[in-house]
*Asks:* 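Dropping the structure in here first, questions after.
Order of the sequence lines fixes the chain letters, A, B, ..., with proteins taken first and strands second; residue numbering starts at 1 for each chain. Nothing here was measured: the structure is a model prediction, and the numbers come from that model.
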Amino acid sequence: MAEPLKHDRSDRSDRSDPFDPPAPRPGGIAARARATTGNAYLEGLNPEQLQAVETLDGPVLVLAGAGTGKTRVLTTRVAHILATGRAFPSQILSVTFTNRAAREMKDRVAAMVGEAVEGMPWLGTFHSIGAKILRRHAELVGLKSNFTILDTDDQIRLLKQILSAADIDDKRWPARVLAGMIDSWKNRGLLPDKVPAGEAASFADGRGAGLYTAYQERLKTLNAVDFGDLLLENLRLFGKEPDVLAQYQARFRYMLVDEYQDTNVAQYLWLRLLAQGQRNLCCVGDDDQSIYGWRGAEVDNILRFEHDFRGAKVIRLERNYRSTGHILATASHLIAHNESRLGKTLRTEAEQGDKVSVTGAWDSEEEAREIGDEIETLRRQGHKLSQIAILVRASFQMREFEDRFVTLNLPYRVIGGPRFYERAEIRDALAYFRCIVSPADDLAFERIVNLPKRGLGESTLQTLHDYARAHNAPLMEAARVLSATEELKPKPRGSLRDLTLAFERWRGQMEAMPHTELAEIVLEESGYTDMWQNERSADAAGRLENLKELVRSMEAFDNLPGFLEHISLVMDVESGAGQDAVNVMTLHSAKGLEFDTVFLPGWEEGLLPHQRSLDEQGRAGLEEERRLAHVGLTRARHRAKLYFASHRRIHGMWNSTVASRFIDELPEANVEVTEAKGGWGQPASRFERAEPFSSTYGTPGWQRGRAQRDENGAKNSTKNGVKGFADKHQRGFKGGPGTIDGKVVGRTSAPRAAFVLGERIFHTKFGYGEVTEVDGNKLTVQFDKAGEKRVIDTFVDRV
DNA sequence: TGATGCTGCGTTTTT
DNA sequence: CGCAGCATCA
């Protein structure tokens with residue numbers, strides 16, 4: 001994944017924005033810090049930060065708002081512990097969620113205390129540390145220390161096998177759904193026997209828990225774990241082996257946790273067990289940035305910290321060093337609408353800067369055009385594109401921007417797309433390597449046994465499975481034995497023999513040659529690279545390139561097993577030459593990043609807040625969406641620009657949309673409502689600059705929109721779903737050529753007479769045309785100018 | 001065994 | 001609308 005971005009308040013000296021003065025550094029305090037301790041690394045910390053660094057004994061919760069220097073606190077705290085000799089590097093447990101965060105922390109600690117971090121073996125992600133502990137004690141939980149870590153793909157394939165073995169219709173009860181349930185159980189620290197009866201019953205007529213059990217058993221036979229197990233098995237280990245637990249409790253004199261608001265129950269339990277030893281647990285987080293509730297994060301963990309860890313000290317970091325005044329005030333005012341929060345008041349000493357802008361566009365295309373234009377202007381003024389980001393709620397929004405940027409010839413990069421390791425060719429190659437390192441890795445074997453095609457089909461594989469089951473042997477072994485018998489037809493038999501011999505040969509070469517060389521040989525001799533070379537599809541070349549990249553990335557490791565361990569936990573490869581390009585990503589992937597200019601399109605009801613969140617999570621969902629909006633705003637250093645469109649194409653059809661309620665929740669004093677320059681002429685009267693809010697929100701269109709929104713919101717009605725999106729009362733909003741500004745075309749709720757074929761109509765976006773097909777409320781229209789389009793009948797008028 | 005057609009679905013994503 | 005995943009057919 002490309003990762004040219006800076007986080008938090010990392011080095012600011014290379015900031016590119018020529019118009020911005022350097023951000024203020026907290027001054028004065030440094031002197032005090034020096035006087036107190038004489039430690040250079042404490043210089044420049046503000047009093048709260050200093051307190052967070054120096055409060056070493058007992059549980060500490062650092063509530064660190066966006067841009068308040070939390071990473072700095074965390075790294076300085078480590079440096080402080082080391083510098084004051086309170087612990088050796090190997091006695092500090094420091095956990096993060098992502099590899100990116102772990103890497104950053106490692107780098108920054110290293111920069112502060114020199115190379116001592118080489119010796120910080122317990123700095124890493126929850127999963128990598130869980131894996132490390134588990135490998136040391138694997139036998140105690142029924143594994144061997146070289147267990148394989150399955151990813152989601154393997155997990156699903158395994159569950160499919162289990163479902164079919166249990167004779168359950170994969171159609172009615174999809175494996176991915178079961179995988180999701182098992183994940184959520186594991187997230188909550190639930191072993192199969194602890195799963196609440198109701199939940200277990202909700203899958204396959206009550207067989208959910210049984211399937212979970214079967215899955216766990218199968219994992220043990222395969223000597224494999226999934227991601228959830230890395231923690232769950234730790235919990236099981238600590239539960240049944242108090243000695244082992246005590247050993248780690250004694251070891252970890254200091255524990256640090258980043259992004260505590262994202263921890264799930266299993267992680268919480270894990271931390272709590274380990275912290276019971278020394279009780280020196282420091283959790284850093286921000287409840288206002290909790291945006292992963294849907295994947296098991298428990299905001300409660302942070303909300304209840306003081307209760308769970310008695311005597312905990314809570315320190316608030318509220319001085320923001322990132323954003324200008326208007327941006328910070330806007331974000332704070334918005335998030336203040338949430339009820340479930342600990343409450344912080346962010347402040348800054350930075351200048352007010354530009355107001356946050358809110359721009360209404362006619363439709364999502366105009367929105368993209370407008371943003372494209374503004375970016376070009378910024379570029380002309382000398383701003384770096386890499387300091388500009390477009391943050392969207394859902395990835396389908398990205399497409400319009402990509403289209404636009406391609407026509408403008410504006411370099412952009414999409415962050416967080418399909419990831420390197422998820423590509424089929426990478427997973428195939430890894431499966432080959434896994435088969436070499438772990439001959440018993442059945443999942444890997446199955447993946448590549450007939451790839452490239454070797455004439456080994458369903459029936460051959462079935463024979464292998466039968467033998468394997470009967471002799472309790474891995475598939476590889478079954479293949480070796482059976483290829484020496486008359487059991488199989490000559491052709492598959494020959495292929496299998498060749499394959500097993502090849503694997504034995506490669507395994508033999510493992511010691512003799514560098515693993516990168518072996519990797520190349522394997523991909524070559526197996527016919528795998530040939531397979532892609534012979535394929536003349538458009539992306540074959542890219543896949544071959546990816547394979548080379550994979551081999552190249554192996555150079556950083558000592559051997560094949562080491563590489564595989566890394567890849568199963570990290571699975572991302574540094575790439576992206578870091579050229580100057582606009583960053584396009586989702587709000588979720590923007591967490592932890594910052595940019596000079598942030599564009600936030602799509603602030604519409606149903607999209608942000610997302611309808612689905614509202615339907616499924618009610619008020620909690622709304623609050624999480626609001627936090628998402630807050631995260632978006634707080635990514636901006638100097639310019640935050642919000643947009644909403646009145647029409648958006650969703651699933652190929654144009655829907656009328658209403659501005660997000662979050663726009664109503666912004667403080668007038670810090671926001672400026674502007675008008676899109678595009679040609680569709682939002683009537684100026686509605687977007688008066690002088691009195692933006694009164695005039696904007698006073699129009700009939702707005703009021704109806706709001707009325708309808710309230711109606712929908714009050715009930716959290718599921719039935720409305722995306723239909724709430726298609727606002728039939730928005731007709732006064734249209735502003736295409738030939739309409740009268742601001743004129744409201746009244747409409748009753750009575751169904752209108754159906755359109756008939758051949759009828760002439762007018763559409764606010766596409767102009768005049770003729771109906772060629774009617775399908776309920778959907779019309780196919782041959783437009784005079786725009787060609788054939790499918791539209792909704794409420795957007796067209798008879799002429 | 002491979003290609004083609006149909007159905008269903010459509011938010012966010014790490015490890 | 002566009003795609004992914006599956007089923008069916010040649």
*Asks:* For DNA chain B, whose closest nucleotide is more 5', that of A:G228 or that of A:S613?
*Replies:*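 Looking at DNA chain B, the more 5' nearest nucleotide goes with A:S613.
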
*Asks:* So what does A:I129 touch, heavy atoms closer than 4.0 Å: a base, only the sugar-phosphate, or nothing?
*Replies:*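 Answer is nothing: A:I129 stays at 4.0 Å or more from every strand.
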
*Asks:* What contact category does A:D229 fall into here, base, sugar-phosphate, or nothing, at under 4.0 angstrom with non-hydrogen atoms?
*Replies:*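 Nothing, no nucleic acid heavy atom in range.
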
*Asks:* If you look at every strand shown and take non-hydrogen atoms under 4.0 Å, does A:E259 touch a base, only sugar-phosphate, or nothing?
*Replies:*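 Nothing, no heavy atom under 4.0 Å.
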
*Asks:* Mapping A:T98 and A:W294 to their closest nucleotides on DNA chain B, which lands nearer the 5' end?
*Replies:*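 The residue closer to the strand's 5' end, by nearest nucleotide, is A:W294.
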
*Asks:* Ignoring hydrogens and geometry beyond distance, is a side-chain donor-acceptor pair present between A:N264 and A:R188 at under 3.5 Å?
*Replies:*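 No.
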
*Asks:* Look at all strands and tell whether A:K491 reaches a base, only sugar-phosphate, or nothing, counting heavy atoms closer than 4.0 Å.
*Replies:*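 Nothing, no heavy atom under 4.0 Å.
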
*Asks:* State, without any angle test, whether A:D226 and A:Y215 hold a side-chain donor-acceptor pair at a distance under 3.5 Å.
*Replies:*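 Looking only at side-chain atoms, A:Y215 and A:D226 do form a donor-acceptor pair, the distance falling under 3.5 Å.
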
*Asks:* NA contact type, A:G455, heavy-atom cut-off 4.0 Å: base, sugar-phosphate, or nothing?
*Replies:*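 Counting heavy atoms under 4.0 Å across all strands, the contact made by A:G455 is with sugar-phosphate only.
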
*Asks:* Hydrogens and angles aside, do A:D262 and A:Q267 bring a side-chain donor and acceptor to less than 3.5 Å of each other?
*Replies:*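 Absent: no donor and acceptor within the cut-off.
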
*Asks:* When the P atoms of B:dT12 and C:dC3 are considered, how many whole Å apart are they?
*Replies:*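 Straight-line distance between the two P atoms is 15 Å.
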
*Asks:* Check whether the aromatic ring of A:H610 stacks on the base of B:dT11, taking stacking as ring centres less than 5.5 Å apart and planes within 30° of each other.
*Replies:*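 Base of B:dT11: stacked against A:H610.
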
